[in-house]
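Working notes, structure below.
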Amino acid sequence: MMKGIDFQRVKVLPLARRRSLSAIGDILVDPAQPPRACPPGALGHLDACVAGILAARGRGAAVILMYGAHLIKNGGMSIVNALVNQGWITHLATNGAGTIHDWELAFLGRTEESVRENVATGTFGAWDETGRYINLAVLAAALAEEGYGRGMGRFIEEDGLTLPSTPELEDWIRAAPGNPLTPAWADLLRAMLRQNLPAGRLSVRHHWKATSMIANAFRANVPFTVHPGIGYDIFATHPLFAPAAIGRAAGVDFQLFGQSVDQLEGGVLLSVGSAIMAPQVFEKTLSCVNNLRLQAGRPIVRDHQMFVVDIQDGGNWDWSRGEPPKDNPAYYLRFCKTFARMGGVMRYVQCDNVTFLHHTLARLSGA
């Protein structure tokens, strides 16, 4: 049998020793300040976006924000939190990196590292607290049948978690081997034994949790789903990494995301700075939702608007004309092409992600 490398032997280091490139005091954008100028070409799309959100919330339809980690590294947390707290956004979805930077800022007040320097020294992502606490939060979330996003939100907001004892977990497994939660109990038991983790309360202070998008969604009881890939994220290289637990939590979130997509008829989807996760996850989810709707005799999701925001030029293609031919390089821009195939109306907006959302908030707040 072929064997891979042993990630359990990876040497991890204290997070405080890392040279972090971004500090919360330097990057955080104040939503009360005037937003930076928006490119002229984006203004018409911005008008349509604001009108679409107003109409969607007026009819009770979903407004979903899917985003990549740069929205956090660019300091957009307070803007998104305001959009959630004012009721304009009904669902947040991100990738694993989006949770890493959010958590590190909530815990340490700093995030981001030099990939070039740290890969060469074997230290990229090898930071104990980041991998330890994200993996533990996800492992513990399964005990309450919660997904990745809600588990992380609870962990940040409640400043830690409570672990059962290993004898308790063993008893639960023996008493109910067929229980749907048994695999989750077993994953946590294995992690606790391997890392010699004590039972009881694990307190982890998050001094900057007020700006955390994950914690704010938890407080507001707004769905926050995480859509990671195995090997994409630095928590996968930590000795506590439990791939089955990550998959289980992401599976719960995938179902929750489907529930929100089912409410997207006449709604709005914002894909902000997510070139891979957002188009791929939305594509599969919308197909599943339409499958279930048709089985139930319901029409497919329609009349939805999709605003794809990034700083690339969109392949110099006018996406209002539809999909470019295969011999055009723009055809291979997944973040545009996929959404252009999803029914409804897709608009590509070339604009800085924080600037676009800041203008959106300012206009909605004054509506």
Between the CD1 atom in I24 and the CH2 atom in W208, the distance rounded to the nearest 0.5 Å is 8.0 Å
Could you give the distance from CE (M77) to CG (L71), rounded to the nearest 0.5 Å?
9.0 Å
Passing candidate, side-chain contact (heavy atoms from CB on, under 4.5 Å) with P228, options I246, D253, N95:
I246
Exercise: identify the closest heavy-atom pair between W185 and A176
CZ3-O, 4.1 Å
Other ILVMFWY residues reachable from Y332 by side-chain steps of under 4.5 Å:
Y331
Does atom CD1 (I311) have a neighbourhood of more than 12 heavy atoms from anything else shown, all under 6.0 Å?
no
Does the Lys NZ or Arg CZ of R321 fall within the cation-pi geometry relative to W319 - under 6.0 Å from the ring centre and within 45° of the axis?
no
Heavy-atom donor-acceptor pair, N328 side chain to P324 backbone, under 3.5 Å
no
Derivation of the side chain to side chain contact (heavy atoms under 4.5 Å, CB included) call for E158 and F218
CA-CA 10 Å; E158 298 181 356; F218 179 82; 4.2 Å; yes
One should read off an interatomic distance between R363 CZ and H358 NE2, to the nearest 0.5 angstrom, of 12.5 Å
Establish, from distance only, whether the side-chain atoms of Y148 and T225 form a donor-acceptor pair under 3.5 Å.
no
Inter- and intrachain pairs under ring pair (Phe, Tyr, Trp, His ring centres under 6.0 Å), touching residues 240-259, at least two apart
H91-F257, H227-F257
Donor-acceptor pairs under 3.5 Å, side chain of residues 136-145 to any protein atom, not counting sequence neighbours: which ones?
none

Is there a path of hydrophobic side-chain contacts, each under 4.5 Å between heavy atoms of I, L, V, M, F, W or Y residues, that connects F307 with M277?
no
Would you call R18 and E104 a salt bridge, taking side-chain N to carboxylate O under 4.0 Å as the test?
yes
If we ignore hydrogens and angles and just use 3.5 Å, is the side chain of D233 paired with the main-chain N or O of F235 as donor and acceptor?
no
Stepwise, does the side chain to side chain contact (heavy atoms under 4.5 Å, CB included) test hold for V10 with H238?
CA-CA 7 Å; V10 172; H238 192 279; over 6 Å; no
Where do V29 and R36 land on the side chain to side chain contact (heavy atoms under 4.5 Å, CB included) test, with the steps shown first?
CA-CA 10 Å; V29 178; R36 291 177 295 181; 5.7 Å; no
Any sub-3.5 Å donor-acceptor pair from S78's side-chain atoms to D30's backbone N or O?
no
Residue pairs, two or more places apart or on separate chains, that pass side-chain hydrogen bond (donor to acceptor under 3.5 Å, both in side chains) and touch residues 270-280:
Q280-K284
How about S20 and E113: does a side-chain donor come under 3.5 Å of a side-chain acceptor?
no
Would you confirm whether T237, through its side chain, and I234, through its main-chain N or O, come within 3.5 Å as a donor-acceptor pair?
yes
Is it the case that the side chains of E168 and S165 hold a donor-acceptor pair, with the cut-off being a distance below 3.5 Å and no angle test?
yes
Side-chain touch Q86/L361, heavy atoms, less than 4.5 angstrom:
yes
Correct closest heavy-atom pair for I214 and G153 would be CG2-N, 3.3 Å
Residue list, side chain to side chain contact (heavy atoms under 4.5 Å, CB included) with D310, at least two apart or on another chain
Q312, F335, Y348
Cluster check V268, M342: I/L/V/M/F/W/Y, side chain < 4.5 angstrom:
no
How long is the span from the CD atom in E283 to the CZ atom in F339, to the nearest 0.5 Å?
9.5 Å
N74 side chain to G76 backbone, donor-acceptor under 3.5 Å:
no
Flag the pair T182 / N179 as yes when at least one side-chain heavy-atom distance between them is below 4.5 Å, and no otherwise.
yes
Contact between P243 and I230 at the side-chain level, heavy atoms closer than 4.5 Å - yes or no?
yes
Contacts satisfying side-chain hydrogen bond (donor to acceptor under 3.5 Å, both in side chains) that involve residues 62-71 (not counting sequence neighbours) are none
Are L294 and L292 linked, directly or through other ILVMFWY residues, by side chains that come within less than 4.5 angstrom of each other?
no
Would you say the side-chain atoms of R59 pair up with the backbone N or O of G266, donor to acceptor, closer than 3.5 Å?
yes
Check whether any side-chain heavy atom of I27 lies under 4.5 Å from a side-chain heavy atom of L105, and answer yes or no.
yes
Residues I300 and N290: closest non-hydrogen pair is CB-OD1, 3.2 Å
Is it the case that atom CG in L28 sees more than 12 heavy atoms from other parts of the structure closer than 6.0 Å?
yes
Are L188 and P164 close enough that some pair of their side-chain heavy atoms sits under 4.5 Å apart?
yes
Are H206 and F155 close enough that their ring centers fall under 6.0 Å?
yes
For the pair R219 and E157, find out whether any cationic side-chain nitrogen is under 4.0 Å from an anionic carboxylate oxygen.
yes
Indicate yes or no: at least one non-hydrogen side-chain atom of D352 is less than 4.5 angstrom from one of V309.
no
Of all the heavy-atom pairs spanning C38 and L43, show the shortest one and how long it is.
CB-CD2, 3.9 Å
Would E265 and R293 count as a salt bridge (Lys or Arg N to Asp or Glu O under 4.0 Å) here? Give the steps.
CA-CA 12 Å; E265 186 160 333; R293 279 174 159 248; 3.0 Å; yes
What verdict does the salt bridge (Lys or Arg N to Asp or Glu O under 4.0 Å) test give for E146 and R154, after you've listed the backbone C-alpha separation in whole Å, the side-chain angles of each residue and the deciding distance to 0.1 Å?
CA-CA 10 Å; E146 293 180 338; R154 182 182 298 280; 2.7 Å; yes
Main chain of R110, side chain of H101: is a donor-acceptor contact present, judged purely on distance under 3.5 Å?
no
Using 4.0 Å as the upper bound for N to carboxylate O, is an ion pair formed by E323 and R341?
yes
Side-chain touch V222/T90, heavy atoms, less than 4.5 angstrom
no
Write down the atom of L264, the atom of A62, and the distance for their closest heavy-atom approach.
CD1-O, 3.7 Å
Looking only at heavy atoms, which two atoms of A220 and N85 are closest? And how far apart?
CB-OD1, 4.2 Å
Ignoring hydrogens and angles, tell me if any N or O in the side chain of E112 forms a donor-acceptor pair with the backbone of L21 under 3.5 Å.
no
With side chain to side chain contact (heavy atoms under 4.5 Å, CB included) as the test, would you mind laying out the steps for L357 and L270 before giving the verdict?
CA-CA 10 Å; L357 290 177; L270 303 168; 4.3 Å; yes
Can we say D102 and K73 salt-bridge, meaning some charged N sits less than 4.0 Å from an Asp/Glu carboxylate O?
no
In Å, rounded to the nearest 0.5 Å, how long is the span from CD1 of I53 to CG of L83?
7.0 Å
Measure from the side-chain N and O atoms of E129 to the backbone N and O of L15, and report whether any donor-acceptor pair falls under 3.5 Å.
yes
Do the side chains of R201 and S203 get nearer than 4.5 Å, heavy atoms only?
yes
Kindly compute the distance separating OG (S260) from CD (Q255), expressed to the nearest 0.5 Å.
12.5 Å
